[in-house]
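When a residue number appears, it is its place in the shown sequence, counting from 1.
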Amino acid sequence: MILRNFQEGGSVFEQIKKQLKELGLPVADKEKVEGKLKDACPMDATASGGSSSIPFRTVVDSSLPLVPPLQQTFQRMQRHCFVHSDVSFVDRIDIAADGFCCLWQATCTFFRKPANFTPDFQLSIAELAALDMCQKRAIFKPMSAEERDFLKQRSGGSWKLVLRYILAGEACCRRENSHAIAGPGHSIAVTSSGSVYSFGSNNSGQLGHGTTEEEWRPRLIRSLLGIRIIQAAAGAGRTMLISDGGRVYAFGKDSFGEAEYAVQGSTMVTTPQLVESLKNIYVVQAAIGNFFTAVLSREGRVYTFCWGTDSKLGHQTEQNDPVPRLLLGPLENIPVVQIAAGYCYLLALACQSSGMSVYSVGCGLGGKLGHGSRTDEKYPRLIEQFQTLNLQPVVVAAGAWHAAVVGRDGRVCTWGWGRYGCLGHGNEECESVPKVVESLGNIKAVHVATGDYTTFVVSDTRDVYSFGCGESSSLGHSTAIEAQGNRHANVLSPKLVTSLKNINERVVQISLTNSIYWNAHTFALTDSGKLYAFGAGDKGQLGIELVAQQTESGTPERVDVDLD
């Protein structure tokens, strides 16, 4: 919508020219503004059903200091309030000519449609736009006014911070987007529309098809038709799925607590069942570790099942306690955007007004908690090394015995047990605090995935690098080294996965088996929804038919399922 007529009279262009003249901007910039405004606002106010006469008020703010003359294009502007039907905003702007055009264009775009919420006359332009964007997010839509206000206060008292919290969570674990999970012996694939396919080992009913038979091809879980799944987690003999309504469905082993080869629960669940103990918690993510399971609520609270013996996770419970317990400690009052579970430990990516940070809790063997020691932590503890490195974490990954983080600037840090070179530092030494992978200094990373002594990194150019244990050909390098006679060689430093580069697709997600008891396999998902698999496939977990007596595939092969 174009705000063509002002109550004071005159055109928008004349009013803006007058403002720019008062600010001392050169004529060239004024003409540039006029041209951009004509392109940005071609429509009349009446096109959106509003009045052709828009009230305009000028409020002179004498408290706003003048900008120093060093940057003459950034000058003091007056504070304006444009009022249109059910929307009002007030904002102070210090902006150059180009910036003013961008702001004006965004405003015109915003006002083409009526707002879907009651106006708050105290909101700035930025806050109004952030609230409008929050309204479109799946986890925000069903929230009551009280719940929204609680989330706002928990996030730092700003809609901009709420939006940052929501978007950060979606980016970390691809919530509401297609994704694939390479579990221990079985696999889960979620389409962009929320349908779920499963394949691989099924000895505990973890595929959700009502049977215990293996599946060598992706098979749709038909009992979930009509339910949109936005996130999945896979553990040994167990699967959990999260719906867009915050409900949790679980199948496989009926207990949350066993390790891979521990005694199974008394029954097996072979079709997805609602987890009744979570029905009053709106869940957005689940993570399955050893001896425990964790879930994350939309408010950023972390709940855990089991492994409470000796207060290992801050609460005293039995090993197979089916009741979710709030993770006590500093994270009670700090919103968490992502959780990641490894062997007996949990990582939490927290979103505070001051920035992003990582907390760890659980078993400290191998230094995988990142605190400079190997002691256990029964309450979440801040990993302080990121402040020393001046690194803002944006993605966190928990392998079996090691962990990794991607920073906002694209640096990658790893720590924990360095066996087989899974830390990427050129050796097999342990690191008890996060350490930057120096050999990745020439790339900007956007994604990292960790498994059983293996690590994958995706760059902003969508090149993929891997390092660590080469068993099962799960690193994707077997084609390049087969001629040397060792197709299972370990890789101590990051190495480009040329087999993925050759598919000529942009990789957006890597998932690999995170278990010390199963041969590993790896998935690579592209931006076009194509899924490629390589590594161990002895139980059908690759989703492809292996020829002759093969038990693995050394090169990426296309899985017959479209996730876009």
State the [atom1]-[atom2] distance between [X] and [Y], to the nearest 0.5 angstrom.
X    : Y    : atom1 : atom2 : result
L369 : S360 : CG    : OG    : 4.0 Å
E545 : W216 : CD    : CH2   : 7.0 Å
L296 : C173 : CG    : SG    : 8.0 Å
S204 : M268 : OG    : CE    : 6.0 Å
L525 : L531 : CG    : CG    : 6.0 Å
E215 : H186 : CD    : NE2   : 12.5 Å

Polar side-chain atom of [X] near backbone of [Y] as donor-acceptor pair, under 3.5 Å:
X    : Y    : result
R164 : A168 : no
S243 : G245 : yes
D562 : K530 : no
S466 : L475 : yes
S178 : S192 : no
Y282 : E299 : no
T513 : S515 : no
D538 : T551 : no
N502 : T498 : yes
W415 : E431 : no

Between [Y] and [X], is the closest basic N to carboxylate O distance under 4.0 Å?
X    : Y    : result
R175 : E170 : no
D460 : K444 : no
D560 : R217 : no

Exercise for review: Please work out whether the ring planes of F456 and F534 are parallel, tilted or perpendicular, with thresholds of 30° and 60°.
Suggested key: tilted
For the residue pair [Y] / [X], report whether a side-chain donor-acceptor contact shorter than 3.5 Å exists.
X    : Y    : result
S511 : H179 : no
S357 : Q352 : yes
S187 : H521 : yes
H209 : S198 : yes
H425 : T414 : yes
S432 : H371 : no
E557 : T555 : no
T526 : S528 : yes

Check your understanding: In this structure, which one of V491, T455, L440, V458 forms a side-chain contact (heavy atoms from CB on, under 4.5 Å) with Y465?
Key -> L440
Check your understanding: So I242 and Q285, side-chain contact (heavy atoms from CB on, under 4.5 Å) or not? Walk me through it.
Key -> CA-CA 7 Å; I242 315 300; Q285 190 199 348; 5.8 Å; no
Practice item. For the pair I339 and L347, evaluate side-chain contact (heavy atoms from CB on, under 4.5 Å) and give the outcome as yes or no after the intermediate values. Key: CA-CA 6 Å; I339 53 177; L347 299 179; over 6 Å; no
What is the minimum heavy-atom distance between [X] and [Y], and which atoms define it?
X    : Y    : value
D376 : C363 : OD1-CA, 3.4 Å
I510 : T522 : CG2-CG2, 4.0 Å
G535 : L542 : O-CD1, 3.5 Å
R238 : I288 : O-CD1, 4.1 Å
S499 : G476 : OG-O, 3.0 Å
G407 : L391 : CA-CD2, 3.7 Å

Do [X] and [Y] touch side chain to side chain, with heavy atoms closer than 4.5 Å?
X    : Y    : answer
K501 : D463 : yes
R462 : V446 : yes
M356 : V337 : yes
I383 : P434 : yes

Check your understanding: Quick one: ring pair (Phe, Tyr, Trp, His ring centres under 6.0 Å) partners of Y303, sequence neighbours excluded?
Key -> none
Verify the neighbour count for atom [atom1] of [X]: are there more than 12 heavy atoms of other residues, nucleotides or ligands below 6.0 Å?
X    : atom1 : value
R247 : CZ    : no
R228 : CZ    : yes
N442 : CG    : yes
R222 : CZ    : no

**Study point:** Pair V448-V405, side-chain contact (heavy atoms from CB on, under 4.5 Å): steps then yes or no
**Key:** CA-CA 7 Å; V448 65; V405 152; over 6 Å; no
Exercise for review: Show the numbers, then the answer: is there a side-chain contact (heavy atoms from CB on, under 4.5 Å) between V559 and Y532?
Suggested key: CA-CA 6 Å; V559 182; Y532 293 84; over 6 Å; no
